[in-house]
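Notes follow the structure.
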Amino acid sequence: MAPLRYPVRFMSCTPTKNEHRYCTSLANEIEVKWQQAWDETNINKVGNPNDVNFDISKPKFYCLDMFPYPSGAGLHVGHPVGYIGSDILSRFKRMQGFNVLHPMGWDAFGLPAEQYAIETGVHPAKTTRKAIDTFRGQLKRIGFSYDWSREFATIDPDYYKWTQWIWLKAYDSWFDEEKQKALPVSDLVSGLEQKKISCGDTPWNALTQTQQDEFIDSKRLAYLGEYTVNWCPKLGTVLANEEVVDGRSERGGHPVVRRSMRQWMFRITAYADRLLYDLKGLDWPESTLRMQKDWIGRSEGADIDFLIDGCDKTIRVYTTRPDTLFGATFMVLAPEHPFVESIKTPEVQAYVEEARNRSDVDRMADSKEKTGVDTGKFAINPANGAKIPIWIADYVLMGYGHGAIMAVPAHDDRDHAFATAHSIQIVEVVQPDEPCEGCFASEGVAVNSASEVVSINGQQTAEAKQTIIDWLKTSGFGFGKVNYRLRDWLFSRQRYWGEPFPIVFDANGKHYPISETSLPVELPTIDDYTPPVSDEPQPLLAKAESWVHTTAGEAGVDASLLSPDTPVRREVNTMPGWAGSCWYELRYCSPSCETRFVDKEAESYWMGNGVDMYIGGAEHAVRHLLYTRFWQKMLFDLGEVSSNEPFKKLFHQGLLTSFAFQRSDKTLVPTTEVEEKDGKYVEKITGEEVNQIIAKMSKSLKNVVNPDDVIAEYGADTLRLYEMYMGPLEASAPWNTHDIVGVHRFLQRVWRLGIEEETGELRACLNSEPNEDVERSLHKTIAKVTGDIPQLAYNTAIASMIEFVNSATNAGCITTSQLQQFIRILSPFAPHISQELFARLGEDSFVCSSQWPSFDEAMLTASTIELPVQIMGKVRGKIEVPAEATSEEVENAALADERVKECLEGLTVRKIIVVPGKIINIVAN
RNA sequence: GCCGAAGUGGCGGAAUUGGCAGACGCGCCGGAUUCAAAAUCCGGUUCCCGUUUAGGGAGUAUGGGUUCGAGUCCCAUCUUCGGUACCA
């Protein structure tokens, strides 16, 4: 029975008495020694513009990793992939003379710690701090060159003080549509007072104080809005759509009700256009730009008002196809549409009730089957006066457009399915240019689209749209409209473990901000983390009663807003997990600044045109990046930061996968329950054959590899090298324990280039004359690595270094200077072994502070080159020519070649193609 | 369904603008070293035919096309992965 190939580990070297070989124990010894030395000398600490010894004339490079959520389980080998990538780039840039900002911190608010607190009563801060210590220890052992003096966690009061401060900024700002930017609320008020800004039909000074407050509140970038949530009274919490299955909580199966709650929102939709437009200037992966565009979802169309038959009300719909107005044979309202309340028939009420308690996910799950109910009411098509029935159906969503549509069954798949299911009339109004099957939803020529008031017959779709929009405008039935899929951002969470909102409510429910000087609003400690069971949504924080109920003065509300002894109630919702990660890239510039969220000068130096390289997983391609961009733009508008976009260049590292095993019914078998038999994988217990598949590393699959184990086995340098050698950094690749030994052997050969293994002394031949081939190979390798690193093409850079070491090994000698240069290009990848060899070669300084080697262009080309000769596209021979040979000389040399002559016998040469330096192709028949 | 990315040896992968397909590593095979093993070193390793050699043929998911020449460009199809999900 063969042993299982995975996850059994292989010893890199058998325990040996030879302590001078680069084996497990020596690697670990070297690594720990230098890590301590780097720590003690603060070698990776970088200053700021105003610090002494800071050379501001050097170019800057801000290289940022997406900071991790420190889970209790610690790191697995997938975590460091991106970090190794950014570390290599940072080290390379330092050696090239850049000031490099390369920080690390912790995205530390999060659900797991709160869940754990609920189960065990341990304060989330305690759990989280412990996890951070574990993570930090693991990261340090990999030898990353982070400037640890800049480390912080989002749960630090010193940090979330400023998260709260930024939120207050948003609360105190509004979006000026005309100027397309955020401005302080005070500008809005003075604009209203000076009548430069209108607040509707009633003049500003005729409004009551309450009306004025309401108007202002309706303009704030951070505002209170109504939002439908999944409330689970039993769990005492709001659940995400995916956590609700069939109207019950996924965990525990408790009933979930959908209800509207007043919650803090961000007016991100105001920035939709800018968030979309500014994508143009970003050096980001194309796929991520695409996803951001789709998420924002800009569309052009028209708002159209339909009169209701028999009353003077109208219902507004949004459509991207105003040209199909004549084909609108019915109207559909979302169940939550305000007009629905006025319809009291039992069928409608039953349908609405049922739809309300279906989550969005459920509604979409059975999207094939279109349910709905007829209201019995009619709307009037403004184009032709036709009476069309009004239906209610949950395929129309309240959250998009106006929650109402004009249904054109002939030219929309969903409307078509609905009309077919409910036997509603279908009228064709667009003719395809070429005949087609089924429902025709694209562009063509308008037909059946004429009435006394407007006609578009014969017009192409684009023209027809414009005609209808123009007519809508003149007739007053509507207007052209740009719409977005993006919605305002729900920023309240009914959790304990998050940033508290710096705001309080008086007895009337009116809100007052806490003054800047009283920040941070710290989380109170509570004894019991079990959520309150209640029908009325009550976040966990509500349990801290003495904290919640306080006075304006105690809470820190400015006395000019509210008298200090006024009783107030604190906001008991907290901010979502995204909050802390929306501006952390700014804080790293000056993490201990006490007077500002970021020191102005440090910010403009490091963030001048955004982060130069941001590396992280594609799973954050939409939300984190969009939210951070939004905060950045807000702060930019308010003059707080110098850059309009936070991340100039973005890179996604690939997912590190691992082997897992699947039964024939596709259920998964833990790796430990599988063994290899005659080249097949079988489940130990049953003996059944299982399939080897590639899957994410996860606890449940028991296929997680811990970096600590790999380091104990091979050392951190080998781990780093292996993870970078697996394939392109952006691609996913399966972890294969087998392959690690390859790069470990490479390091052993590197070691042997300099060190006599028997004695541990430097090799005698280091003082010999340089070998010409080795010298050429070195220059080629320096050129290759220098070119590959900025592109993060580490796998090919490593391959070329392996080639160099192989050729130097074969040559039998290398000079001190050659080895020293090679060590410098190796050092970003394998910093420890490089440092050790660097020191042994007699250098006092650190290799990471040395200069990046240069190469001689002239050494890259050989004096003679070998060219393949093709005849009719097949290689038939090779010729050797001087590198500078002319096409004619090359041609003659090719025709003179014996082997070529042989192959050309009996053929007539028609044409000869010479590609200089590449190939010769002879066309003959 | 829609959008995006990708399909290359036994495996991970290389091939910068169309120019010697399979660099480099793993594994495997053979050899050296060793009492033996491990480790290390050297050589070989896409497949098929040719007993060896010389050589020949096929080959980058599939089927077509453009070109002197295609992994690379164009069209169609299939598969896998990721994102998204009735957005009117």
Side-chain angles (χ1 to χ4, degrees), chain A residues 5 11-16 18 21 23 285-291 293-295 297 299 301 317-321 324 332 360-361 363-368 370 393-397 399-408 412-415 417-418 441 483-487 618-619 621-622 652 654-655 657 679 694 722 725-728 730-743 745-746 748-749 752 757 787-788 791 793 795-796 798-803 806 809-810 866-875 878 910-913 915 917-924:
Chain A
R5 294 156 60 114
M11 290 301 285
S12 53
C13 310
T14 14
T16 165
N18 187 347
R21 288 201 57 190
C23 281
E286 204 49 54
S287 58
T288 302
L289 293 173
R290 176 85 262 152
M291 278 191 247
K293 274 180 208 155
D294 290 349
W295 190 267
S299 70
V317 304
Y318 172 74
T319 177
T320 52
R321 291 297 297 270
T324 61
V332 187
D360 288 349
V361 172
R363 278 200 202 178
M364 288 158 192
D366 38 38
S367 59
K368 306 260 160 11
K370 298 245 178 312
D394 65 5
Y395 82 91
V396 171
L397 307 175
Y400 184 78
H402 306 290
I405 61 159
M406 63 175 216
V408 184
D412 181 283
D413 290 322
R414 298 150 302 177
D415 298 344
F418 191 83
N483 215 356
Y484 299 93
R485 183 183 170 276
L486 182 70
R487 294 175 210 180
E619 65 271 23
V622 180
H652 297 308
L655 192 70
T657 53
I694 288 170
Y722 172 62
Y725 189 57
M726 294 173 77
E730 67 274 20
S732 295
W735 181 269
N736 193 344
T737 304
H738 264 333
D739 294 349
I740 301 172
V741 69
V743 286
R745 281 178 195 152
F746 161 64
Q748 289 182 321
R749 286 197 293 275
R752 259 199 306 276
E757 288 192 333
D788 279 353
Q791 299 178 59
N795 55 331
T796 48
I798 294 168
S800 75
M801 289 191 285
I802 294 174
E803 280 186 87
N806 289 348
T809 302
N810 290 341
E866 195 190 53
L867 290 182
V869 182
Q870 291 184 335
I871 293 164
M872 296 306 287
K874 293 203 182 296
V875 180
K878 298 203 172 163
R910 302 279 172 201
K911 196 173 173 189
I912 300 177
I913 294 136
V915 185
K918 294 276 186 192
I919 206 165
I920 302 116
N921 193 8
I922 300 169
V923 187

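Below, chains carry the letters A, B, ... as their sequence lines are ordered, and counting in each starts from 1. Just so you know, these numbers use all the heavy atoms, side chains as well, and skip hydrogens, waters and symmetry mates.
- Taking 90° from 0 as the syn/anti boundary, the base of B/rG44 is oriented anti.
- The partner of B/rU16, taking Watson-Crick or G-U wobble pairs whose two distances both stay under 3.5 Å, does not exist in any strand shown.
- For the pair A/Asp415/A/Met406, no side-chain contact is recorded, criterion being any heavy-atom separation below 4.5 Å from C-beta on.
- Nucleotides B/rA5 and B/rA76, compared at atom P, are 15 Å apart to the nearest Å.
- No contact: A/Asp415 has no heavy atom under 4.0 Å from any strand.
- A/Thr657 contributes a side-chain N or O that, together with a main-chain N or O of A/Ala733, makes up a donor-acceptor pair within less than 3.5 Å.
- Comparing B/rG19, B/rC24, B/rG12 by their nearest atom to the side chain of A/Ile802 picks out B/rC24.
- Judged by Watson-Crick or G-U wobble contacts below 3.5 Å, the nucleotide B/rG82 has B/rC3 as its partner.
- Residues A/Trp735 and A/Tyr722 meet the side-chain proximity criterion, which asks for heavy atoms closer than 4.5 Å.
- Residue A/Lys878 places a side-chain atom within donor-acceptor reach of the base of B/rC20, judged by atom type and a 3.5 Å distance cut-off alone.
- Separating the P atom of B/rC29 from that of B/rA21 is a span of 29 Å, rounded to the nearest Å.
- Between the NE2 atom of A/His652 and the C1' atom of B/rC81 there is a distance of 16 Å, rounded to whole Å.
- When both pairing distances are held under 3.5 Å, B/rU77 makes a Watson-Crick or G-U pair with B/rA61.
- Candidate nucleotides B/rC86, B/rC20, B/rC68 were compared by shortest atom distance to the side chain of A/Val875, and B/rC20 ranks first.
- Shown here, B/rC11 forms a base pair with B/rG25; the pair counts as Watson-Crick or G-U wobble because both key distances fall under 3.5 Å.
- Taking side-chain N and O atoms only, A/Arg745 has a distance below 4.0 Å to OP1 or OP2 of B/rC26.
- Between A/Tyr400 and A/Ile405 the shortest side-chain heavy-atom distance does not fall below 4.5 Å.
- Nucleotides B/rC11 and B/rG63 have their C1' atoms positioned 29 Å apart, rounded to a whole Å.
- Checked by atom type, the side-chain pair A/Tyr484/A/Ser299 shows no donor-acceptor distance below 3.5 Å.
- Taking only side-chain atoms of A/Ala799, from C-beta outward, the nucleotide of B/rC24, B/rA39, B/rG83 with the closest atom is B/rC24.
- Residue A/Asp412 is classed as having no contact, given no heavy-atom separation below 4.0 Å to the nucleic acid.
- Comparing atom distances between the A/Asp394 side chain and each of B/rC41, B/rC86, B/rC24 picks out B/rC86 as nearest.
- Nearest nucleotide to the side chain of A/Lys874, out of B/rC20, B/rA58, B/rA14: B/rA58.
- Nearest nucleotide to the A/Lys918 side chain, out of B/rC20, B/rG19, B/rG13: B/rG19.
- Taking atom CD1 of A/Ile740 as the reference point, atom C1' of B/rA39 lies 17 Å away to the nearest angstrom.
- At a threshold of 4.0 angstrom between heavy atoms, the contacts of A/Ser732 are confined to the sugar-phosphate backbone, with no base atom among them.
- Of the candidate nucleotides B/rA14, B/rG12, B/rC41, B/rC41 has the atom lying nearest to any side-chain atom of A/Arg749.
- Residue contacts for A/Val915: at a heavy-atom cut-off of 4.0 Å it reaches a base atom on one of the strands shown.
- Of all nucleotides listed (B/rC3, B/rA21, B/rC86), B/rA21 comes nearest to the side chain of A/Gln870.
- A donor and an acceptor atom never sit less than 3.5 Å apart when one is taken from the side chain of A/Asp739 and the other from the base of B/rC26.
- The shortest distance between the side-chain N/O atoms of A/Asn921 and the OP1/OP2 oxygens of B/rU67 is not below 4.0 Å.
- When Watson-Crick and G-U wobble pairs are counted only if both distances are under 3.5 Å, B/rA39 pairs with no nucleotide at all.
- For A/Lys918, the NZ atom is loosely surrounded, since the number of other residues' heavy atoms within 6.0 Å does not exceed 12.
- The shortest distance between the side-chain N/O atoms of A/Asn795 and the OP1/OP2 oxygens of B/rA14 is below 4.0 Å.
- Checked against B/rA14, B/rA88, B/rC26, the side chain of A/His738 finds its nearest nucleotide in B/rC26.
- Positionally, the nearest nucleotide of RNA chain B for A/Asp294 lies more toward the 5' end than for the other of A/Ile919 and A/Asp294.
- Rounded to an integer number of Å, the gap from A/Asn806 CG to B/rG43 P is 10 Å.
- Pairing for B/rG69 is absent, with no Watson-Crick or G-U wobble pair whose two atom distances lie under 3.5 Å.
- Counting heavy atoms from C-beta outward, A/Glu730 and A/His652 have side chains that stay 4.5 Å or more apart.
- Of the P atoms belonging to B/rG82 and B/rC75, the separation is 27 Å, rounded to the nearest Å.
- As judged by a 4.0 angstrom heavy-atom cut-off over every strand, A/Arg485 is placed among the base-contacting residues.
- Nucleic acid contact for A/Asp413: none, since no nucleic acid atom lies under 4.0 Å from a heavy atom of the residue.
- Checked against B/rC86, B/rC42, B/rC20, the side chain of A/Asn810 finds its nearest nucleotide in B/rC42.
- Between A/Arg21 atom CZ and B/rA38 atom P there is a gap of 14 Å when expressed in whole angstrom units.
- Between B/rU62 and B/rA6, the distance separating the two C1' atoms is 16 Å to the nearest Å.
- Taking atom CZ of A/Arg487 as the reference point, atom C1' of B/rA85 lies 12 Å away to the nearest angstrom.
- For the P atom pair drawn from B/rC74 and B/rG18, the interatomic distance equals 11 Å after rounding to whole Å.
- For B/rU52, there is no paired base (Watson-Crick or G-U wobble, both distances below 3.5 Å).
- Using P as the reference atom, B/rU46 and B/rU40 are 23 Å apart when rounded to the nearest Å.
- The side-chain tip of A/Lys370 points at the ring of A/Tyr395 from less than 6.0 angstrom away and within 45° of straight on.
- Following rounding to the nearest Å, A/Asn483 (CG) and B/rA88 (P) show an atom-to-atom distance of 8 Å.
- The same atom, C1', is picked in B/rG44 and in B/rC26; the two are 16 Å apart, to the nearest Å.
- A/Ile920 is not listed as a side-chain neighbour of A/Pro868, based on a closest heavy-atom distance of 4.5 Å or more.
- Atom OH in A/Tyr725 sits roughly 6 Å away from atom P in B/rG25 (whole-Å rounding).
- Across the interface with RNA chain B, nearest-nucleotide mapping of A/Lys911 and A/Val622 shows A/Lys911 to be the residue nearer the 5′ end.
- Side-chain contact check for A/Val923 versus A/Ile913: some heavy-atom pair is nearer than 4.5 Å.
- Look at OH on A/Tyr484: it is 13 Å from P on B/rA88, rounded to the nearest Å.
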